Amino acid sequence: MPSEKNGAVFRGLKLVPRSDTTYKMKDFKSDQEVRWCPGCGDYAILSAFQGFLPELGVPRENIVVISGIGCSSRFPYYLSTYGMHSIHGRAPAIATGLAASRSDLSVWVVTGDGDALSIGGNHLIHAMRRNVNLNILMFNNRIYGLTKGQYSPTSEAGKITKSSPMGSLDNPFNPVALALGAGATFVARTVDSDRKHLTEVLRAAADHPGTSFVEIYQNCPIFNDDAFALVKEPGERDNRVLRLEHGQPLKIGEDRGVVFGEYGRLTVVDLADVSEDQLVVHDAHRADPSYAFALAQLDEPAFEHVPIGVFRDVEAPTYEEAMAEQIEQARATQGEGDLMELLAGSDTWTIK
Amino acid sequence: MPKEIQQLDRVIIRFAGDSGDGMQLTGDRFTQETASFGNDLSTLPNFPAEIRAPAGTLPGVSSFQLHFADHDIMTPGDAPDVLVAMNPAALKANLEDLPKGATIIVNTDEFTKRALAKVGYTTNPLEDGSLADYKVSPVPLTSLTVKALESFDISKKDAERAKNMFALGLLSWMYNRPTEGTLKFLQTKFAKKPEIMNANIAAFKAGWNFGETTEDFAVSYEVKPAALPAGRYRNITGNLALSYGLIAASKLSGLPLFLGSYPITPASDILHELSKHKRFGVRTFQAEDEIAGVGAALGASFGGALGVTTTSGPGMALKAETIGLAVMTELPLVIIDVQRGGPSTGLPTKTEQADLLMAMFGRNGESPLPVLAPRSPSDCFAIAIEAVRIATKYRTPVIVLSDGYLANGSEPWRIPELSELPKLEVAFAREPNGENGEFLPYLRDPETLARPWAVPGTPGLEHRVGGIEKSDRTGEISYAPANHDLMVRTRQAKIDGIARDIEPLEVDDPTGDATVLALGWGGTYGSIATAVRQVRRTGAKIAHAHLRHLNPFPANLGEVLKRYERVVVPEINMGQLALLLRGRFLVDVISYTKVRGLPFKSDELAGVFQEVIDRAE
Ligand SMILES: Cc1ncc(C[n+]2csc(CCOP(=O)(O)OP(=O)(O)O)c2C)c(N)n1
Ligand code: SF4
Ligand SMILES: [Mg+2]
């Protein structure tokens, strides 16, 4: 559970004022007609997000959602908060400027797999290494939705799309591994259709001070239907999903678990061959990211085992706090800036 | 016997040496001495593009030119009267700029066989008669310095290094400069290394005494102080003036300054400077690229800060899409482009004015925005404040076109009083503005056509902005044909309307009956104005006007153009302003262009103007 700090329920919101109003989900719905395709996973994410926002306990006007371009990036229009639907790939940069100059805001970035990892890859990694106080929600449908179905940086190699009639030649990114590689202090994965888990992850992301990166598996029924079916369908899901819960052993269904293997990697084993107390116990708070990275490597193309949950959640100074601190320090040692003194400098002369 | 002192009305000196010879520092110090003496002055440094080009080579030559006078001057001067050459490379690299009869002071110690061969001299120019047209003063600067510092407990290398101070001492004697400033400077600079401090002071004094005692220098010169308007002055470069202008605008408007920037020559110094002034509440963000730099600045503006981004040509190319977003979201943003030679990487350390059309049109769609250009290093201060005034009042991105010449060049600046600075009043939206208590983010101020600036944190004004076309008044997404037409025209009308709110174009036409007008913009002001004076001294008549506002143009520009039979437009590009003037006013201006990476020479422009006058008659 999030701890109580400076009156703020969420640690990531400690500089944001508290609200006197108790909001309901409907308070976060805008009057705009939602225009995604029927059955799009974005609806479920929007609904879960609107349902979650009242929990933040901050005034609606102190919440800002900034998106890039893509189907997913239409998100801000459907929320009654402040918002900016910006340009393709640049939302993390724009949000960085906002968050760095306004620590009293709760800033959310909504992006797609193409928006975040292709055109905006540079901004994404730099926001994470700086640990700007942002929550980045990346809707991964493994396809370019808005431009009608080209392969994306998370599409599987060999994928047949409009722009890859003989199969894509690109190897996909593993977004979680990428985020960890960039030094992200909070990295999680969740699924559009699992509202409870999605909400839990949003809660953990909001609680985390600094950049929270959340990959959300999202179905695009039009251009990449059922891309994550194996992780969602009840019959398949339970034997494939590795639920990450801090302090709990890593188990996949009833029959399999995870142990440490060679050279720091993790290995999936049959529980018939090892006892439960030999399983790795999940620790999301390890300062060293190696273990989280090894977890991310458990992903494999056929979804044989898929870690879902919070991979990493460690505390580190946030960018805007450090920035504000330098200003305070400069003022403490040199005094408040005096404009006239600045303009004059040290070498002046007077003409009578 | 005291030596003869000759009076001069102006002098142009160029200090040239290897990058490691400390020529910029020497030039700076001489400038400060000259400034405190009360001359008017103008300077131009010239550094190699390479950081550490091999010593003694032509690409490694660094120079600093200073023009000072007993009257007001506006340029660093066309050609040096005096060249101080610290080595053969410095001589070779600068000789072609020297007029016949110029004085050359050379450091003979560096004219070794090897050093001469390095720059392709097969014979020693000091001995082969090739410098017969110049007044050459050979001085063994290095060995004289080492000798003067014999008694100091410093390495030979450190002693040799002080040769620039010896040269400065010698030149200070030659031109009767006050020395207290330099002595004080050395005391502060080397406060932690007393031995080096004393050695440098000794070298400086030795140089002075050398001038006074040696037979080789028979006369010294004096340039009387200039009659400048009363006030307190300092010397300032364009980049420093831009930085100070932004800080001042932040203070005046009460908006915290946020700079998002990515290093690039010749704009980086603004980032460096602003990052020093955190105590003014300035936030500087060195982004991962120019796109992030402008993006972060726009994000900060959305949050109610004064968002600024600084760059040069290649960075401008990258920022285009985000600037378009700022046009669409109608948020204040200041974009500073310190122009350099292009295209592509071009000439990073040289000047050019070739980004004007990019600033005007370099975005997709109809994307109008105000464009301003400072006309001198110190004018950068006022232009920065003007850019902030327009950006915040009209909620629009504003592009400022400085250039490499203004950025690094310097001139005396009368420090303004606080009361002389413009008031910048910025009002955020606080209340809903709709008839039914709703907030209409695209309901405009009837006079300025600006939309409200409602920042996050303001209750009741929650709204969404973005790059998709917005409905008039409500700001909702709209693809309606009539609405798009209206919005395109409204955005244009908003920018065009700024013409009512800017100073009219002032024309300098003393007799009022000139038939030829010289019209320039930006950094060419000094060269054009000097050329105009030169022409007038021959008895000819010519008018001069200079644009600081390029979009919109001052309201009276069309009328001014019509008043003259011929309009000459000198530009350091291929005729970009000329194209705009022809298109807008159907006036067949005469375009005169040079793209050598250097400022115009006044002599050259005077010739061009004279020719146009002659043809007109
Ligand atoms: C600069 C630029 N290039 C290209 C586009 C076209 N474009 C819009 S969205 C998109 C891809 C979106 O994919 P993703 O981020 O995965 O979002 P999704 O639509 O799948 O949610 C592209 C290529 C654009 N809008 N801007
Ligand atoms: S194209 Fe796909 S991602 Fe886009 S709205 Fe339709 S279903 Fe959703
Ligand atoms: Mg996608």
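Just so we're clear, the structure is a prediction, and the values are computed from it rather than from any experiment. Every chain is numbered from 1 and lettered A, B, ... according to where its sequence line falls, protein lines coming before strand lines.
- In this structure, the separation between CZ on A:R18 and CG on A:L13 is 7.5 Å, given to the nearest 0.5 Å.
- Put simply, the residue from A:S152, A:S72, A:S118 that forms a side chain to side chain donor-acceptor pair (under 3.5 Å) with A:D113 is A:S152.
- Heavy atoms of A:L105 lying under 4.5 Å from chain B belong exclusively to its side chain.
- Interface residues of residues 333-348 of chain A toward chain B, defined by a heavy-atom distance below 4.5 Å and sorted by number: A:Q334, A:G335, A:E336, A:G337, A:D338, A:L339, A:M340, A:E341, A:L342, A:L343, A:A344, A:G345, A:D347, A:T348.
- Neither the backbone nor the side chain of B:F185 comes within less than 4.5 Å of any heavy atom of chain A.
- Scanning residues 125-132 of chain A against chain B with a 4.5 Å non-hydrogen threshold yields A:H126, A:R130, sorted by number.
- Between the CZ atom in B:R234 and the CH2 atom in A:W349 there is a gap of 9.0 Å [rounded to 0.5 Å].
- Looking only at heavy-atom pairs under 4.5 Å with chain B, the residue among A:H88, A:M323, A:K352 that has the most is A:M323.
- In this structure, B:R430 has no salt bridge (charged side-chain N to carboxylate O under 4.0 Å, His left out) partners at least two apart in sequence or on a different chain.
- Across A:V58, A:L98, A:I351, the residue that shares the most heavy-atom pairs under 4.5 angstrom with chain B is A:I351.
- Of the two parts of A:I69, neither the backbone nor the side chain holds a non-hydrogen atom closer than 4.5 Å to a non-hydrogen atom of chain B.
- In this structure, a donor-acceptor pair under 3.5 Å is present between the side chains of B:K319 and B:T309.
- Between chain B and the options A:T81, A:N62, A:V64, heavy-atom pairs under 4.5 Å are most frequent for A:T81.
- A distance of 15.0 Å separates OH of A:Y78 from CZ of A:F49, quoted to the nearest 0.5 Å.
- Interface residue B:L228: backbone and side-chain heavy atoms are both found under 4.5 Å from chain A.
- Side-chain contact check for A:L180 versus A:F213: every heavy-atom pair is 4.5 Å or farther apart.
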Could you give me the CA-CA distance, side-chain angles and deciding distance for A:R60 and A:S19, then say whether side-chain contact (heavy atoms from CB on, under 4.5 Å) is met? CA-CA 8 Å; A:R60 186 169 64 185; A:S19 167; over 6 Å; no
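- Counting heavy-atom pairs closer than 4.5 Å to chain A, the top-ranked of the candidates B:G281, B:G260, B:G467 is B:G281.
- A heavy-atom distance below 4.5 Å is not found between the side chains of A:L134 and A:S212.
- Using a 4.5 Å cut-off on side-chain heavy atoms (C-beta onward), B:E33 and B:T182 make contact.
- Residue A:A95: no heavy atom, backbone or side chain, is found under 4.5 Å from chain B.
- The cationic group of B:R283 does not satisfy the cation-pi geometry with B:F258, failing either the under 6.0 Å distance to the six-membered ring centre or the 45° limit from the ring axis.
- When the candidates A:G120, A:P76, A:P17 are compared by the number of heavy-atom contacts under 4.5 Å with chain B, A:P76 comes out ahead.
- If you measure heavy-atom distances from B:L325 to chain A, the contacts under 4.5 Å come from the side chain alone.
- Residue contact with chain B, scored on non-hydrogen atoms closer than 4.5 Å, is absent for A:D104.
- At a threshold of 4.5 Å between non-hydrogen side-chain atoms, the residues B:R29 and B:L186 do not count as touching.
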Take B:T31 and B:L41 through the test side-chain contact (heavy atoms from CB on, under 4.5 Å) and record every step on the way to the result. CA-CA 8 Å; B:T31 302; B:L41 64 87; 3.7 Å; yes
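- Below 4.5 Å, heavy atoms of chain A meet heavy atoms from B:A287, B:E288, B:D289, B:I291, B:A292, B:G295, B:A296, all part of residues 287-296 of chain B.
- You'll find the side chain of B:R414 reaches within 4.5 Å of the side chain of B:E420, heavy atoms only.
- Of the listed residues (B:G303, B:A230, B:P456, B:G460), the greatest number of heavy-atom pairs within a distance under 4.5 Å of chain A belongs to B:P456.
- Contacts with chain B were tallied for A:G89, A:A93, A:A99, A:A324; A:A93 has the most, counting heavy-atom pairs under 4.5 Å.
- With chain A as partner, the option from B:G466, B:A300, B:A454 having the largest number of non-hydrogen pairs under 4.5 angstrom is B:A300.
- Looking only at heavy-atom pairs under 4.5 Å with chain A, the residue among B:S36, B:G181, B:G231 that has the most is B:G231.
- The most heavy-atom pairs under 4.5 Å with chain B, out of A:A330, A:A91, A:G83, come from A:G83.
- Chosen from B:M328, B:K278, B:R279, the residue pairing most often with chain A at heavy-atom distances under 4.5 Å is B:R279.
- Inter-residue side-chain proximity for B:I468 and A:R74 is flagged as met; some heavy-atom pair is nearer than 4.5 Å.
- For B:A429 against B:L461, the heavy-atom pair with the smallest separation is O-CD1, 3.4 Å.
- Separating the CG atom in A:L15 from the CD atom in A:E321 is a distance of 5.5 Å, to the nearest 0.5 Å.
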From CA spacing to verdict: salt bridge (charged side-chain N to carboxylate O under 4.0 Å, His left out), A:R331, A:E328: CA-CA 5 Å; A:R331 284 180 167 152; A:E328 265 169 49; over 6 Å; no
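- Within the 4.5 angstrom heavy-atom criterion, no atom of A:P59 approaches chain B.
- Other residues, nucleotides and ligands contribute at most 12 non-hydrogen atoms within 6.0 Å of the OH atom of B:Y262.
- If you measure heavy-atom distances from B:P256 to chain A, you find no contacts under 4.5 Å at all.
- Using a 4.5 Å heavy-atom cutoff, the side chains of B:T458 and A:E61 are not in contact.
- In this structure, the side chains of A:V214 and A:L202 stay at 4.5 Å or more apart for every pair of heavy atoms.
- Rounded to the nearest 0.5 Å, atoms CG (A:D27) and CG (A:L79) are 12.5 Å apart.
- Counting non-hydrogen atoms of other residues, nucleotides and ligands closer than 6.0 Å to OH of A:Y77 gives a total above 12.
- Options B:K251, B:E476, B:E417, B:H277 differ in how many heavy-atom pairs under 4.5 Å they form with chain A, and the most are formed by B:E476.
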